[in-house]
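These values consider heavy atoms only, across backbone and side chains, with no hydrogens, waters or symmetry-generated copies.
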Amino acid sequence: MINSSLKQLGQQLASKQVSSVELTQAYLQRVTQLNPTINAFITLDEEKTLAQAKAADARIAAGDFGPLTGIPLAQKDIFCAKGWRTTCSSKMLEKFIAPYDAHVISQFDAVGAVNLGKTNMDEFAMGSSNETSYFGGVKNPWDFDRVPGGSSGGSAAAVAARLCAAATGTDTGGSIRQPASLCGFTGLKPTYGLVSRYGMIAFASSLDQAGPMAKSAEDCALMLNVMAGFDERDSTSVNREKEDYTRGLAAMTGEQPLKGLRIGLPKEYFAEGLSADVAKVIETAIAEYKKLGAEIVDISLPNNNLSIPVYYVLAPAEASSNLSRYDGVRYGHRAAEYNDLQEMYMKSRAEGFGAEVKRRILIGTYVLSAGYYDAYYLKAQQIRRLIAQDFVEAFNHCDVIMGPAAPSTAFKAGEKTSDPVAMYLEDLYTIAVNLAGLPGMSVPAGFTQSGNGKPLPVGLQIIGNYFDEARMLDVGHAYQQVTDWHTQMPVALENI
């Protein structure tokens, strides 16, 4: 049952083969068993969770249900959920109880999905390894000595270890796609503005985007059907007609379902920085796409190498502004002892924020300061436009773009914590997609072998044009009809 797809679980619930309460209890039992080792969940509330499951069973009995009714989903602890502790994995919000629901949470509540719990993450979504969390790092279910990626590392580990049917994540510079690659499942970052950011605790507002994390492209399509949609409370939410992202999946069968599809391969994605073993897996996946009928087109994204320096000017600048609200006055951590208001501010922020968050606040404040705004922030915005223009030009020659989701497989915990630049380079292939506001996804494409012989997953990144999620999901689904990488279970769990 734990390896069933969302569609299969929905059918089992609809036919009364299993109840939502029984399914939810099975997942809670698995979380109880494995979470002490993996540390994927921060907050569980069995009473609230089972109450939702009972309500879902009542809806199913009354015939009022949809594809996700009664299915237990994990929620990244960046989404406010009314009555739930919502921490962003920071001491600053350690005791914060959300007084309202984020749009994403309310959308899942509306269809009767069950909130299984809140998952661990890098503090305020700042990190690529889930090692900056105040609640401790998350372990990769494929190898407990390695990281699951970040910032959505708790959701990633929960999906990979089958602690939930699927999960939500957020992606500011690759925080859904990179952990999806490192943990061996499917993760999708939608077009900017497709999913409302209301109630999603802000890191970098022009880059943040919520998305689904699940075993397969089909599962992600079912989740995106719920998550996507206009929300007037979010000024960046795009007002466009709702889509059914599953509509083309059934046609992705037969000998050459992708005949006529043009796949662009950027030369910059296969240059210095990509490990040889990951490159080999990606090349094998591209060869499979040729068999499915796709045409391969060589393209260039000439400004891709500038995406990391641009991102680490713009994202910290926005973080510096967004995190200024945590001052110890209205909510969040407040220092126990202080002599005046300024000291309260300083002590509360010094105690409440971790090292990586402080680093980015300092960088952001610096680049926004009067003497450096033009030289850094304004210049970064200009280059951001050039990066987006590279994609516009590329899509004149291809329908989707493919390449690696991450330059390497999961690295060992602690390996890069002392070198921020090395950590930042983990997002080499994902950041430009956020800067351009495009949709992207990672699908499992195979494995490499670690030094101790354990298989480590590799993700293939698929990048689509604006609001072209349906085609992207079709392309991922077609590949998953002829491969079984997305069905593989972590072998590290066998001895627990």
Side-chain angles (χ1 to χ4, degrees), residues 76-81 86-96 98-105 118 121-128 132-134 150-152 168-176 189 192-193 195-211 231 233-237 310-334 345-346 348-370 372-373 376-378 380-381 384 420 424 427 431 434-435 437:
K76 184 176 180 179
D77 202 28
I78 199 169
F79 296 104
C80 289
T86 302
T87 71
C88 246
S89 284
S90 177
K91 180 178 180 180
M92 184 62 77
L93 292 174
E94 180 182 8
K95 299 176 182 177
F96 176 65
Y100 68 98
D101 284 326
H103 178 77
V104 166
I105 298 293
K118 308 295 285 297
M121 54 183 282
D122 279 300
E123 185 182 9
F124 282 102
M126 299 182 194
S128 301
T132 70
S133 170
Y134 173 67
S151 64
S152 307
T168 56
T170 60
D171 194 310
T172 306
S175 292
I176 287 174
K189 177 251 173 218
Y192 182 77
V195 179
S196 170
R197 292 183 298 108
Y198 177 79
M200 192 176 95
I201 297 171
F203 162 20
S205 301
S206 75
L207 299 162
D208 297 341
Q209 189 60 199
D231 177 14
R233 299 168 299 183
D234 175 6
S235 63
T236 61
S237 178
V310 166
Y311 177 88
Y312 283 102
V313 170
L314 298 181
E318 295 184 22
S320 171
S321 175
N322 279 325
L323 272 63
S324 64
R325 70 192 69 181
Y326 303 109
D327 53 13
V329 177
R330 289 154 289 192
Y331 63 96
H333 175 75
R334 179 186 293 186
Y345 290 156
M346 293 172 65
S348 296
R349 290 171 67 80
E351 293 169 8
F353 291 135
E356 182 61 28
V357 174
K358 290 175 185 174
R359 180 184 293 117
R360 298 198 194 192
I361 289 174
L362 289 170
I363 292 170
T365 303
Y366 177 81
V367 302
L368 288 175
S369 60
Y372 301 99
Y373 180 88
Y376 294 103
Y377 184 78
L378 186 59
Q381 289 286 25
R384 180 181 188 174
Y424 297 165
D427 299 326
I431 279 177
N434 296 78
L435 291 170

Checklist entry - Quick one: CZ on R360 to CZ on F203, what's the gap to the nearest 0.5 Å? => result 4.5 Å

Item to check | Closest non-hydrogen atom pair between A210 and M200, with its separation | outcome: CB-SD, 3.8 Å

Checklist entry - Do you see a donor-acceptor pair shorter than 3.5 Å between the side chains of H333 and E351? => result yes

Checklist entry - Any idea which heavy atoms bring M121 and S133 closest together, and the distance? => result O-CB, 3.0 Å

Checklist entry - Roughly how far apart are S151 OG and I78 CD1, rounded to 0.5 Å? => result 6.0 Å

Next on the checklist: Hydrogens and angles aside, do D77 and S89 bring a side-chain donor and acceptor to less than 3.5 Å of each other?
Outcome noted: no

Item to check | Taking every non-hydrogen atom, the tightest pair across C80 and A98 | outcome: CB-CB, 3.8 Å

Checklist entry - To the nearest 0.5 Å, what is the distance between OG (S175) and CD (Q209)? => result 12.5 Å

Checklist entry - Could you go step by step and tell me if I201 and L93 meet the side-chain contact (heavy atoms from CB on, under 4.5 Å) rule? => result CA-CA 11 Å; I201 297 171; L93 292 174; 3.9 Å; yes

Item to check | The single option from T236, D208, T170 passing side chain to side chain donor-acceptor pair (under 3.5 Å) against R197 | outcome: T236

Item to check | Side-chain donor/acceptor of S369 to backbone N/O of Y366, under 3.5 Å | outcome: yes

Item to check | Rounded distance [0.5 Å steps], OG in S128 versus CD in E356 | outcome: 8.5 Å

Checklist outcome for this item: Closest heavy-atom pair, K118 versus F79, reported as atoms and distance to 0.1 Å, is NZ-O, 3.0 Å

Item to check | Evaluation steps, side chain to side chain donor-acceptor pair (under 3.5 Å), between E123 and S90 | outcome: CA-CA 5 Å; E123 185 182 9; S90 177; 2.7 Å; yes

Next on the checklist: Do F124 and F353 make a side-chain contact, defined as non-hydrogen atoms from C-beta onward lying under 4.5 Å apart?
Outcome noted: yes

Checklist entry - Going by heavy atoms in the side chains, are Q381 and L435 under 4.5 Å from each other? => result no

Item to check | Centroid separation Y100 to Y198 less than 6.0 Å | outcome: yes

Item to check | Heavy-atom closest contact (K76 atom, G169 atom, distance) | outcome: CD-CA, 3.9 Å

Next on the checklist: Quick one: does any side-chain atom of R349 pair with a main-chain N or O of L323 as donor and acceptor, under 3.5 Å?
Outcome noted: yes

Item to check | Under 3.5 Å donor-acceptor, D171 side chain and I176 backbone | outcome: yes

Checklist entry - Taking T365 for the side chain and I361 for the main chain, is one N or O donor matched with an acceptor at less than 3.5 Å? => result yes

Item to check | Heavy-atom donor-acceptor pair, K358 side chain to A350 backbone, under 3.5 Å | outcome: yes

Checklist outcome for this item: For D327 and Y345 the tightest heavy-atom approach is O-CD2, 3.2 Å

Item to check | Gap separating the CG atom of L368 from the CG atom of L314, nearest 0.5 angstrom | outcome: 9.5 Å

Checklist entry - Is there a side-chain contact between Y312 and I431, using heavy atoms and a 4.5 Å cut-off? => result yes

Checklist entry - Between T132 (side chain) and D122 (backbone), is there a donor-acceptor pair under 3.5 Å? => result no

Item to check | Enclosure of Y376 OH (heavy-atom neighbours >12, cutoff 6.0 Å) | outcome: no

Item to check | Within the 6.0 Å centroid threshold, strictly below: F96 and Y326 | outcome: no

Checklist entry - With a 4.5 Å heavy-atom cut-off, do Y311 and T172 have their side chains touching? => result yes

Checklist entry - Does some side-chain heavy atom of N322 sit less than 4.5 Å from a side-chain heavy atom of S205? => result yes

Checklist entry - Taking the side chain from S237 and the backbone from D231, do they hold a donor-acceptor pair closer than 3.5 Å? => result yes

Item to check | CA sep, side-chain torsions, deciding dist, call: S206, E318, side chain to side chain donor-acceptor pair (under 3.5 Å) | outcome: CA-CA 8 Å; S206 75; E318 295 184 22; 2.5 Å; yes

Item to check | Interatomic spacing from OG in S152 to NZ in K189 - rounded to 0.5 Å | outcome: 13.0 Å

